[in-house]
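On a predicted model such as this, the values are computed, not experimentally measured, just so you know.
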Amino acid sequence: MRNNRGQFFALYLVFITLFMCGVVAGFYYMQQDDIHGALVSPMGVLKERDSLDIFEGKEVGFIESSLEVASGQFGSDEFYDSFRDSFIRRVMGDDEMMEFLFVNLSIDGVEIREQDKGQELVENVIYPSGSYGLVNGKLSFVRSKISKSFLLTAKDKSKIHFPVDFSFEFERKYLISKGDGEFEVEVV
């Protein structure tokens with residue numbers, strides 16, 4: 001005569017395993033409604049990156065249009081000053097570019113105060129006048145390293161959430177050359 005306890009034990013393990021799988025699945029579905037409250041959405045980062053792309057596209061357009069109206073011989077101080085003045089006026093006149101520059105702006109880890117945001121900051125810090133020169137017959141134009149920082153939080157702050165301090169730095173150097181009467185702007 002054989003012992004049937006082994007068959008019962010195998011069936012018992014199958015039922016325990018299925019029960020535990022059901023418990024895990026149940027907790028998963030119960031927490032699906034609450035999980036979005038604890039997670040930080042990356043939407044703020046993606047919007048900031050898209051805004052940077054738009055900003056840099058406009059920046060290249062303003063450089064090209066400012067080169068067309070600049071006076072003096074290419075590479076001379078007079079040409080650069082004329083180009084830079086026209087470029088700064090165009091940037092200062094574009095509300096979207098100014099908003100992108102000044103919202104959450106910090107330089108060297110220090111957030112810029114509201115009263116310091118203006119044309120002087122754009123002319124002396126963001127696009128400094130002493131940062132140009134001729135490199136292999138090309139005029140270099142530089143946007144200084146600036147950073148933007150802000151806090152990403154979850155939508156539902158009544159639940160436990162983990163805010164993320166987001167910061168990124170960006171700078172850009174352009175090399176401008178003139179050939180056959182047309183200007184070429186190269187991003188470095």
Side-chain angles (χ1 to χ4, degrees), residues 40-153 163-188:
V40 174
S41 171
M43 236 13 211
V45 177
L46 297 174
K47 284 181 182 177
E48 203 64 34
R49 183 63 206 173
D50 289 345
S51 297
L52 177 62
D53 289 341
I54 292 168
F55 173 81
E56 289 179 341
K58 284 185 173 186
E59 190 176 53
V60 169
F62 287 166
I63 288 172
E64 290 172 347
S65 60
S66 296
L67 287 168
E68 296 297 326
V69 297
S71 60
Q73 184 177 356
F74 179 76
S76 68
D77 288 340
E78 178 189 353
F79 178 84
Y80 179 75
D81 291 339
S82 173
F83 154 72
R84 188 171 174 277
D85 289 342
S86 174
F87 176 78
I88 297 293
R89 275 196 317 274
R90 291 171 196 264
V91 170
M92 294 298 296
D94 190 312
D95 293 335
E96 288 178 355
M97 287 185 78
M98 296 306 294
E99 181 181 350
F100 174 78
L101 281 176
F102 290 155
V103 172
N104 300 318
L105 176 67
S106 60
I107 297 174
D108 296 328
V110 178
E111 189 170 337
I112 303 300
R113 298 177 305 181
E114 194 63 39
Q115 62 265 27
D116 294 335
K117 296 175 180 176
Q119 185 167 350
E120 188 174 315
L121 179 71
V122 173
E123 286 180 344
N124 298 329
V125 178
I126 298 174
Y127 299 104
S129 61
S131 64
Y132 84 97
L134 283 175
V135 179
N136 298 329
K138 296 180 179 182
L139 182 68
S140 68
F141 183 66
V142 177
R143 177 180 6 103
S144 298
K145 183 185 288 186
I146 57 177
S147 60
K148 297 176 86 50
S149 59
F150 48 92
L151 191 65
L152 297 172
T153 58
V164 176
D165 186 21
F166 173 72
S167 176
F168 74 96
E169 295 180 337
F170 54 98
E171 64 183 321
R172 185 63 64 151
K173 181 176 182 180
Y174 299 99
L175 291 179
I176 304 164
S177 59
K178 183 176 183 179
D180 297 334
E182 291 192 22
F183 295 101
E184 183 180 323
V185 179
E186 177 185 346
V187 178
V188 181

Mind checking whether Glu99 and Asp95 have side chains closer than 4.5 Å, heavy atoms only? no
task = Measure from the side-chain N and O atoms of Asp94 to the backbone N and O of Glu96, and report whether any donor-acceptor pair falls under 3.5 Å.
result = yes
_Asn136 side chain reached by Leu175 side chain, heavy atoms, under 4.5 Å_ = no
Value for CG (Leu52) from CZ (Phe168), rounded to nearest 0.5 Å, stands at 5.5 Å
With Glu186 as partner, the option from Arg172, Lys173, Lys138 fulfilling salt bridge (Lys or Arg N to Asp or Glu O under 4.0 Å) is Lys138
On a heavy-atom basis, the closest approach of Ser65 and Arg90 is OG-NH1, 3.2 Å
In this structure, CE of Met97 is separated from CD of Glu56 (nearest 0.5 Å) by 9.5 Å
Requested in this report: Kindly indicate whether the side chain of Glu78, heavy atoms from C-beta on, has any atom under 4.5 Å from the side chain of Ser71.
Outcome: yes
**Message:** Can a donor-acceptor pair be found, under 3.5 Å and without considering hydrogens, that links the side chain of Lys117 to the backbone of Met98?
**Reply:** no
query: Less than 4.5 Å apart, any side-chain heavy atom of Leu101 and any of Leu121?
result: no
Taken to the nearest 0.5 Å, the spacing of Leu134 CG from Ser140 OG works out to 7.5 Å
| Is Glu123 close to Met92 at the side-chain level, that is, under 4.5 Å between some pair of heavy atoms? | no
Output for pair (Glu182 CD, Ser177 OG), nearest 0.5 Å, gives 11.0 Å
For Gly75 and Phe79 the tightest heavy-atom approach is N-CD2, 4.0 Å
query = Glu68 versus Phe183: any side-chain heavy-atom pair under 4.5 Å?
reply = yes
Margin query: Test your reading of the model: is there a side-chain donor-acceptor pair from Ser86 to the backbone of Ser82, 3.5 Å cut-off?
Written below: no
Looking only at heavy atoms, the pair that brings Asn124 and Arg84 closest together is N-NH2, 4.5 Å
query: Would you say Ile146 and Phe170 make side-chain contact, with heavy atoms under 4.5 Å?
result: yes
Report yes if some heavy atom in the side chain of Val185 is under 4.5 Å from a heavy atom in the side chain of Leu67; otherwise report no.
yes
Could you walk me through whether Val188 and Tyr174 pass the side chain to side chain contact (heavy atoms under 4.5 Å, CB included) test, one step at a time? CA-CA 6 Å; Val188 181; Tyr174 299 99; over 6 Å; no
Rounding to 0.5 Å, atoms CD (Glu48) and CG (Asp53) come to a distance of 11.0 Å
Between Ser106 and Lys148 the two heavy atoms that sit nearest each other are OG-N, 4.4 Å
Looking only at heavy atoms, the pair that brings Ser147 and Glu169 closest together is CB-CG, 3.5 Å
Sorted by chain and residue number, the ring pair (Phe, Tyr, Trp, His ring centres under 6.0 Å) partners of Phe141 (sequence neighbours excluded) come out as Phe83, Phe87, Tyr127
Practice prompt. Evaluate side chain to side chain contact (heavy atoms under 4.5 Å, CB included) for Phe100 paired with Lys58, printing each intermediate quantity in order.
Written response: CA-CA 12 Å; Phe100 174 78; Lys58 284 185 173 186; over 6 Å; no
Between the CZ atom in Phe62 and the CD1 atom in Ile88, the distance rounded to the nearest 0.5 Å is 11.5 Å
Closest non-hydrogen contact found for Phe74 with Ile176 is CZ-O, 3.2 Å
